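Report on the structure given below.
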Amino acid sequence: MKKLLTSLAAFTALTAAASAADLPRRAAPPPVFTPVPVFTWTGFYAGLNAGYGFGVEDSLAPTQVVTIDRRVVGGPVGAIAGFAFDNGGRSDGFVGGGQIGYNYQFTPGSGVVIGIEADAQYADLGGRFGRAGVCGTGGIACAVTPGAFVQPGVTLINPTGVQGLDFFGTVRGRIGYAFDRVLFYGTGGFAYGSFGGGRAVDTDDFKTGYTAGGGVEYALPTDSFLNFFRSSAVTLKVEGLYVNFDGNNSRYGFANANGVIVTATPLTAAGPISPSTILNNTARRDVDFAVIRAGLNYKFGSY
C-alpha cells in the first residue's frame, strides 16, 4: 500500500511538470523602434542679414570741363572758366535687411536643392560720389582767365559721378548641393536699387540690373537656443553677391539757379580747347558693387 501511494505521488508530479512544459511561454514585448527624422531643406523661410558693401571701382580719374558760355562765366570777351572734379569719395559701407524664400530638396539628407529668394536691403554706399556744388567746395576746383568770374547761382554738375545708393533688393534663383545640414549654393537673378541725395541734376533715381554670387548655409538643431519661433530649423549663412545696375543716365555740365543745364565741354589731353554748347546731353555709366553678408533664417515646413 505504501509503495502504491509513493508511485501515485511520483506519477502525479511528473504529469504536472509535463503539463507545465506544454503551456505557452510569456515572451517579452519586442523593442519599439523610433525612426530618426532625416533633415531636409524643403520649406519656406524668412530671416535677417547684415554685412558690408564696397564699390568695384573705388574712384574715377579726375574729370575736367571748360566753358565760355556767358550764362556760366562772366567778365571780358573770351573769358574762360575751367572746373575739375576729383571724383574721390567713399564707395563702401553698411548694408542690412531681410529675406524670404523657399527651398526644395529632391532627396532628404544629402542631395540637390533648388529655391527662390527675394530680399530688400538698406545701403549706405557711394555717399560722396556724383557731387554737385559750387567752386571750392566738395572737391570742386575752379580756374578762370584774368578778370573772369563764375556767374552767381551756377551749380556745377559732375559728368561722371555716381549718386549714393539708398537701398537695393534682389529676386534670385538658388541651386546647390546639401550635405545633410550643410548647403553650398550659387545664386543669381534680378536686382533693383534707388539712388538719391540730390547730388546731380535730372538723374535716374531708380535703376535695375542683375546680381550673381554664392554662399554656404548651415542648419542648427531644432532645439537650438536661437529658435525663438519654434520653427523646424534655424539656419546661419554667409553669402557674397556682385550687383550691377544699368547705366547711370545723368544730364551733365552746368546748371543755373533753376536747375537747367546749359553747357559742358570735356577737356581732352590732345589738341586745343574747342568750347561748344551741349544742351540736354546725358552721360551713361554702369554702377556696380559687391556685398559680403551674414544672415539668419527661420525655416518652416518639413523637418
Side-chain angles (χ1 to χ4, degrees), residues 28-54 56 92 94-123 167-193 208-245 288-303:
V32 178
F33 175 73
T34 303
V36 177
V38 178
F39 182 78
T40 175
W41 288 88
T42 298
F44 290 94
Y45 63 88
L48 301 172
N49 69 79
Y52 180 79
F54 52 94
V56 176
D92 58 348
F94 171 81
V95 296
Q99 67 275 339
I100 59 173
Y102 179 81
N103 288 322
Y104 178 78
Q105 185 171 350
F106 290 94
T107 56
S110 297
V112 176
V113 178
I114 61 174
I116 186 170
E117 180 175 295
D119 68 87
Q121 307 289 128
Y122 165 80
F167 76 86
F168 73 96
T170 69
V171 179
R172 295 170 284 108
R174 304 206 314 172
I175 183 169
Y177 194 90
F179 297 90
D180 193 26
R181 290 178 174 267
V182 180
L183 172 64
F184 296 91
Y185 64 90
T187 183
F190 172 77
Y192 61 92
T208 60
Y210 68 90
T211 181
V216 58
E217 193 165 359
Y218 174 70
L220 299 173
T222 305
D223 59 356
S224 167
F225 74 95
L226 293 174
N227 197 357
F228 306 113
F229 303 107
R230 303 297 185 216
S231 64
S232 59
V234 178
T235 68
L236 303 176
K237 72 174 183 178
V238 177
E239 182 177 72
L241 292 178
Y242 168 76
V243 184
N244 182 287
F245 292 115
D288 55 355
F289 59 94
V291 173
I292 298 177
R293 61 190 182 185
L296 179 148
N297 287 321
Y298 290 91
K299 187 174 83 72
F300 301 92
S302 302
Y303 174 81

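Worth saying up front: this structure is predicted, and the values here are computed from it rather than measured.
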Could you give the distance from CZ (F44) to CD1 (I100), rounded to the nearest 0.5 Å?
-> 9.5 Å
Mind checking the CD-CG spacing from Q121 to L241? Nearest 0.5 Å is all I need.
-> 8.5 Å
Which residues satisfy the side chain to side chain contact (heavy atoms under 4.5 Å, CB included) test with L220, sequence neighbours excluded?
-> Y218, S224, L226, V234, L236
Could you tell me which non-hydrogen atom of K299 sits nearest to which non-hydrogen atom of T40, and how far apart they are?
-> NZ-O, 3.3 Å
Who pairs with Y177 by ring pair (Phe, Tyr, Trp, His ring centres under 6.0 Å), at least two apart in sequence or on another chain?
-> F179
Ring pair (Phe, Tyr, Trp, His ring centres under 6.0 Å) involving Y192 - partner list, sequence neighbours excluded | none
Side chain to side chain donor-acceptor pair (under 3.5 Å) against Y52, all qualifying residues, sequence neighbours excluded = D92
Sequence-distant partners of F167, ring pair (Phe, Tyr, Trp, His ring centres under 6.0 Å), two or more places apart | none
Between atom CD of E117 and atom OH of Y102, what is the distance when rounded to the nearest 0.5 Å?
-> 14.5 Å
Closest non-hydrogen atom pair, V95 against A123 = CG1-CB, 4.0 Å
Is a side-chain donor-acceptor pair under 3.5 Å present for Y185 with E239?
-> yes
Check ring pair (Phe, Tyr, Trp, His ring centres under 6.0 Å) between F168 and all other residues, then give those that pass, not counting sequence neighbours.
-> F289
Tell me, which pairs form a salt bridge (Lys or Arg N to Asp or Glu O under 4.0 Å) where one or both residues lie in residues 95-110, sequence neighbours left out?
-> none
For V243 and A191, which heavy atoms make the closest approach, and how far apart are they?
-> CG1-CB, 3.9 Å
Listed partners of I292 passing side chain to side chain contact (heavy atoms under 4.5 Å, CB included), at least two apart | F54
Side chain to side chain donor-acceptor pair (under 3.5 Å) involving D119 - partner list, sequence neighbours excluded | T170, R172
Looking only at heavy atoms, what is the nearest atom pair of F39 and A219, with distance?
-> CZ-CB, 3.5 Å
Which pairs, with at least one residue in residues 105-115 and sequence neighbours excluded, count as a salt bridge (Lys or Arg N to Asp or Glu O under 4.0 Å)?
-> none
So the salt bridge (Lys or Arg N to Asp or Glu O under 4.0 Å) pairs with at least one residue in residues 106-115 (sequence neighbours excluded) are none
Atom OG1 of T235 and atom CG of L183: how far apart are they, to the nearest 0.5 Å?
-> 9.0 Å
Please answer whether the main-chain N or O of R174 pairs with a side-chain N or O of T187 as donor and acceptor at a distance below 3.5 Å.
-> no
Atom OG1 in T211, atom CG in N244: separation rounded to 0.5 Å?
-> 9.5 Å
Just how far is it from atom OH of Y45 to atom OG of S232, taken to the nearest 0.5 Å?
-> 13.0 Å
With a cut-off of 3.5 Å and sequence neighbours excluded, list every side-chain donor-acceptor pair involving residues 106-113.
residue, atom, partner, partner atom, Å
T107, OG1, S110, O, 2.9
S110, OG, D180, N, 3.3

Can you see which heavy atom on Q105 is nearest to which on T42, and at what distance?
-> N-OG1, 2.9 Å
